[in-house]
2 protein chains.
Amino acid sequence: MSKMTIGDYLLTRLKELGIHHIFGVAGDFNLGFLDQIVKHTGIEWIGACNELNGAYASDGYARIKGAGALVTTFGVGELSAINGIAGAYAEYVPIVNIVGTPSTATQNNKMLVHHTLGDGHFNIFADMYSRVTVAQAFLDKTNNAAEEIDRVLTACWLHKRPVYISIPTDVSYIPIDAPKKPLNLVYTSQPEALNQFVEQAANFIEKAKQPITLVDFAAQRFPMQPLILDFLKKTGIPFAALSMGKAIINESHPQFIGNYMGNFSTSGVQNQVEQSDCIIAFGLLLSDFNSGGFTTNLNADSIIAIHGEYARVQKSIYEKAFFYHTIPALNKRLSYRYSGAIIHTAVPEKILPEDTALRHERFWQLISPYLEKKSIIIAETGTSLFGSLQIPLPDETTYISQILWGSIGYTVGALFGACIAAPHRPTVLFIGDGSFQLTAQEISNIESHGLTPTLFLLDNDGFTVERLIHGATMPYNDIPAWNYTKLPHIFSDNVWSTYITTEKELAHALVERQKNKHKMAFITVKMDKMDAPKLLIQIAKLMAQRNQYN
Amino acid sequence: MSKMTIGDYLLTRLKELGIHHIFGVAGDFNLGFLDQIVKHTGIEWIGACNELNGAYASDGYARIKGAGALVTTFGVGELSAINGIAGAYAEYVPIVNIVGTPSTATQNNKMLVHHTLGDGHFNIFADMYSRVTVAQAFLDKTNNAAEEIDRVLTACWLHKRPVYISIPTDVSYIPIDAPKKPLNLVYTSQPEALNQFVEQAANFIEKAKQPITLVDFAAQRFPMQPLILDFLKKTGIPFAALSMGKAIINESHPQFIGNYMGNFSTSGVQNQVEQSDCIIAFGLLLSDFNSGGFTTNLNADSIIAIHGEYARVQKSIYEKAFFYHTIPALNKRLSYRYSGAIIHTAVPEKILPEDTALRHERFWQLISPYLEKKSIIIAETGTSLFGSLQIPLPDETTYISQILWGSIGYTVGALFGACIAAPHRPTVLFIGDGSFQLTAQEISNIESHGLTPTLFLLDNDGFTVERLIHGATMPYNDIPAWNYTKLPHIFSDNVWSTYITTEKELAHALVERQKNKHKMAFITVKMDKMDAPKLLIQIAKLMAQRNQYN
């Protein structure tokens, strides 16, 4: 029986999940484990400037690679990261969150050490994490570390949500048996539930007069895409995408009819969806920003919902009927063929740049033709999100945003993680200046790794999204003015930066960027502080009403 | 009966605690309350680049002004700040942590809104905060908001620890009765406990042959200084300071004998303390970094401990015997007069700058004469902390560090907060490059407010403190190389910056700085990556042993 250390066992298992880079920040309670990471073949340590950025990076990485990992130190490090892990929990992003904790003796003796509250308690922060992770393991000197690691990693993978592992400083070098067989990452559906669901769903679809398919976020988090493509091919039913489901299925697909967001849907889509007598919804989440500010109007009696871990037909919920089995079984069972019309979304006309100031109304249309196939497009909460939602994305694009959790600053870290995950895919971030200031320093790590994304910094003098909601001219929506064009040069010369104010300058910059492909591009786009995509202006009004400030 | 809104009631009460600036980041769930802040006479809104920095700033502010306040938004904002509030909890810094939460209707109807985990639960983050705050209030539409506000603010003030207040968007404008009388911020000691303690302590002191006084952190958090000065004057007993208690009592005081940190104490101090038959300890906390890596050796039977909220003589603990009453009563009761010798710490010789590279061994000695009276001196965890601990500080200095919680990056935010609290006091920050990168952007707010601290950035290519503990040449202790000298000019011209490598350049820079007093000074000090104060090198070895990496 071959032996390995607990640390190496964990790393071996992480590789099975497709994790080859681990993000984080060094701290004295994790240094021993970091040695193991550095020395482990096929795993690379990727330091972040701070733990929150590291959490965001592991989230971006997981959205590309299927899973991510983060290492922080006890107390200070893990608490700095918790907002990032909570976001991953909310949005179903599987992250293995590993915390280096004080030695067993230190904890058992309730020593008054740094990074504690000074009260001898060592479980407080892990307790907090139990609210934003689906499984927790506390590795120790007993002999069940392997089982514990396998248990939580399996939970992470199957539930697509973060897990928590604590490793005391003196535990990661303890030898244990090496894995005998790979992790068991298989969904086990309950056969009866599966059969009942498929029968009920198929009967419902086959009676449908105007069926429609909706694709939303969980169709990406749980890898449903190939299964949904089969479903679409087999049935011919048209589909719309929700905002969080944007580009999960190519927008060039012949059955794609547009974006569904209630009153703010692509023209014609709202009627087609809301008047449907059979809505097959993959991974649907009707949160405020994902539902056009709660303006969707779906009849629950018309819905077949397929989620990662359950399925539903009208009011019948089938637990233990997993997407992995439900969709193929449904595809096999169905003989339905849609024969209605498919009304495609009009592709926006190509427009030519003029010598006028950049405004959201035309900026996104001008940008659209430059986005490449197989891109990663990342949009920060705010004008960037609502602008980018309104343009078609090229095929095989991964669209990353945080529409439910909405933590501003998230995308700078996510950009770093996505670039580490896929350094050769064209990667573009759109972010406003207000959000950028929260996490700006992580640009330095993108540069130091020689990564080459394109960053559009929309410089509109503060929190435009909030100005639209409330307090347009109030000082709390102002931020310090930075020289964004010079900033990335503080970190390295691996960057090309420019500052543009007009449409013609944008066109010129996009050409120049091509000449500097071997570098990161940092393009500051000056915009008026009250200019915003129409969609955002309308949704912001709904938000303000809901908040009832006074 | 005059009326005011719940928001204004809270602000009125915060002013009673001496809070005139509120830090934080705007978010749509707090914008209505931010309006009230902006419009409230005598309170100013101070935006931070991100919530963690804002929490650190409110902590720095509270250490100067006696209390601080932070406003964040639900979920994303409050979780980003939680490490900062946990640090304030650990180190007894009173911060009123105010979170703007979704409207009452949104919460009651379990709406699926942004900044939630998508599960309809609105209490999860507040539950986390219950572990790092001493009181929590959830303001709502019932009629007890005034009582709730008064209850938690009183707890914050008396316990000197953070509290949590949540205000839904639709609650802060509800009118309630204005305060009729000021907050009741009075400690109520139990007379019997007080009398017993004083009697027992006085008898013990009066029998002492070699009494000694120790001053530590809680003597600053609970305002004991004037009472301790009375005690020292009355009794003539010599005193030593712990690291967290540095400069709470002027180091020029005739009874000051030096720093006590176990085996790493100022020469002669360890013997004098540890052989004492009566140690009067004010606010003592023997955490690892505060006790020379647990090398202190105090006989519990020799200790009279006076804390903020209890007192102890040998093994007798008196709850409800508050410093506010115990120290004056003891001073009144005592007739003891110390007649032994007082051996003063040798003041380090003044040295002259040479044309040699800067090293810790001489850097701190060279800096020492330039520190001014009434300064605020802030030292980041790492070489800055352990270097600055070894030099005498001028009178009436406030020394700020985070020796127990030890969250790197803390001091950049704390510097911002301290400068807002006392813009006219000379304020100096010492920080290493590794720590600086976590929170660097907050410099921009220091500049935008026209504040004029001096920042020494010790550029030693990464985490030197960790290199000393473990992994001296490992990549996880490396960080990206920034151009620190140019960085602050990205934010504004309200800064003078320079880069120095030798002792002579340091001397020159200190002269030049005086010519630029109306600006912030940003002085980058190049140091070797393995150079560190001797004290840190020794303590790091103890830490590594305790961690038992392998």
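Computed from a predicted model, the values in this text were never measured in an experiment. Letters A, B, ... are given to chains in the order of the sequence lines, protein chains preceding strands, and every chain is numbered from 1.
- Contacts of B/Phe125 with chain A are made by side-chain atoms alone, with heavy-atom separations under 4.5 Å and no backbone atom involved.
- Residues A/His115 and B/Leu404 are not in side-chain contact: their nearest non-hydrogen atoms beyond the backbone lie 4.5 Å or more apart.
- For a residue to count as touching a neighbouring chain, one of its non-hydrogen atoms must lie under 4.5 Å from one of that chain's; by this rule B/Ala86 touches chain A with backbone and side chain alike.
- Taking the side chain as every heavy atom from C-beta outward, A/Asn83 and B/Glu78 never approach each other to under 4.5 Å.
- Between B/Asp35 and A/Tyr476, the side chains place a donor N or O and an acceptor N or O closer than 3.5 Å (distance only, hydrogens not considered).
- Side-chain atoms of A/Pro480 and B/Phe491, non-hydrogen and from C-beta on, never get closer than 4.5 Å to each other.
- With a 4.5 angstrom heavy-atom cutoff, B/Ser291 does not touch chain A via any of its atoms.
- Using a 4.5 Å heavy-atom threshold, the side chains of B/Met111 and A/Phe294 count as touching.
- Across B/Ile37, B/Thr5, B/Val113, B/Ile408, the residue that shares the most heavy-atom pairs under 4.5 angstrom with chain A is B/Val113.
- Heavy-atom pairs under 4.5 Å with chain A peak, among B/Leu79, B/Asn483, B/Leu117, at B/Leu117.
- Ranking B/Thr116, B/Asn290, B/Ile469 against chain A, the residue ahead of the rest is B/Thr116, based on heavy-atom pairs under 4.5 Å.
- Proximity of A/Phe463 to B/Asp28: side-chain heavy atoms (C-beta onward) are nowhere separated by under 4.5 Å.
- Residue pairs meeting the salt bridge (charged side-chain N to carboxylate O under 4.0 Å, His left out) criterion with at least one partner in residues 540-550 of chain B, sequence neighbours excluded, do not occur; the list is empty.
- The shortest distance between side-chain heavy atoms of B/Met474 and A/Leu31 does not fall below 4.5 Å.
- Here B/Asp127 is the residue among B/Asp127, B/Thr106, B/Asn477 with the most heavy-atom pairs under 4.5 Å with chain A.
- If you measure heavy-atom distances from A/Thr439 to chain B, the contacts under 4.5 Å come from the backbone alone.
- A tilted orientation is assigned to the rings of A/Phe289 and B/His114, their planes being inclined by 30° to 60°.
- Annotation: maximal heavy-atom pairing with chain A below 4.5 Å, among B/Ile82, B/Thr104, B/Ile124, occurs at B/Ile124.
- In this structure, A/Gly27 and B/Glu466 approach most closely via the heavy-atom pair CA-OE2, 3.2 Å.
- Only the backbone of A/Leu286 comes within contact range of chain B, with heavy atoms under 4.5 Å apart.
- Contact annotation: the side chain of B/Asn445 never approaches that of A/Ile479 to less than 4.5 Å [non-hydrogen atoms, C-beta and beyond].
- When each of A/Ser444, A/Gly471, A/Ser407, A/Gly118 is checked for heavy-atom pairs under 4.5 Å with chain B, A/Ser444 comes out on top.
- The heavy-atom pair separating A/Gln441 from B/Gln437 by the smallest distance is NE2-O, 2.9 Å.
- Contact tally against chain B (heavy-atom pairs below 4.5 Å) for A/Trp405, A/Tyr129, A/Phe33, A/Tyr484: the top residue is A/Trp405.
- When each of A/Ser103, A/Ala26, A/Gly7 is scored by its heavy-atom pairs under 4.5 Å with chain B, the top score falls to A/Ala26.
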(message) Set out, in order, the CA-CA distance, both residues' side-chain angles and the distance that settles side-chain hydrogen bond (donor to acceptor under 3.5 Å, both in side chains) for B/Asp170 and A/Asn547, then state yes or no.
(response) CA-CA 6 Å; B/Asp170 56 330; A/Asn547 287 341; over 6 Å; no

Below 3.5 Å, can you tabulate the donor-acceptor pairs from side chains in residues 44-51 of chain A to any protein atom, sequence neighbours excluded?
residue	atom	partner	partner atom	Å
A/Asn50	OD1	A/Leu52	N	3.3
A/Asn50	OD1	A/Asn53	N	2.9
A/Asn50	ND2	B/Leu438	O	2.9

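- Only the backbone of B/Ile403 comes within less than 4.5 Å of a heavy atom of chain A; no side-chain atom from C-beta onward does.
- Residues A/Pro475 and B/Val38 have side chains in contact (heavy-atom distance under 4.5 Å, counting atoms from C-beta outward).
- With chain A as the partner, the residue from B/Gly406, B/Ser448, B/Ala544 showing the most heavy-atom pairs under 4.5 Å is B/Gly406.
- Proximity to chain A is absent for every atom of B/Arg467, based on heavy atoms less than 4.5 angstrom apart.
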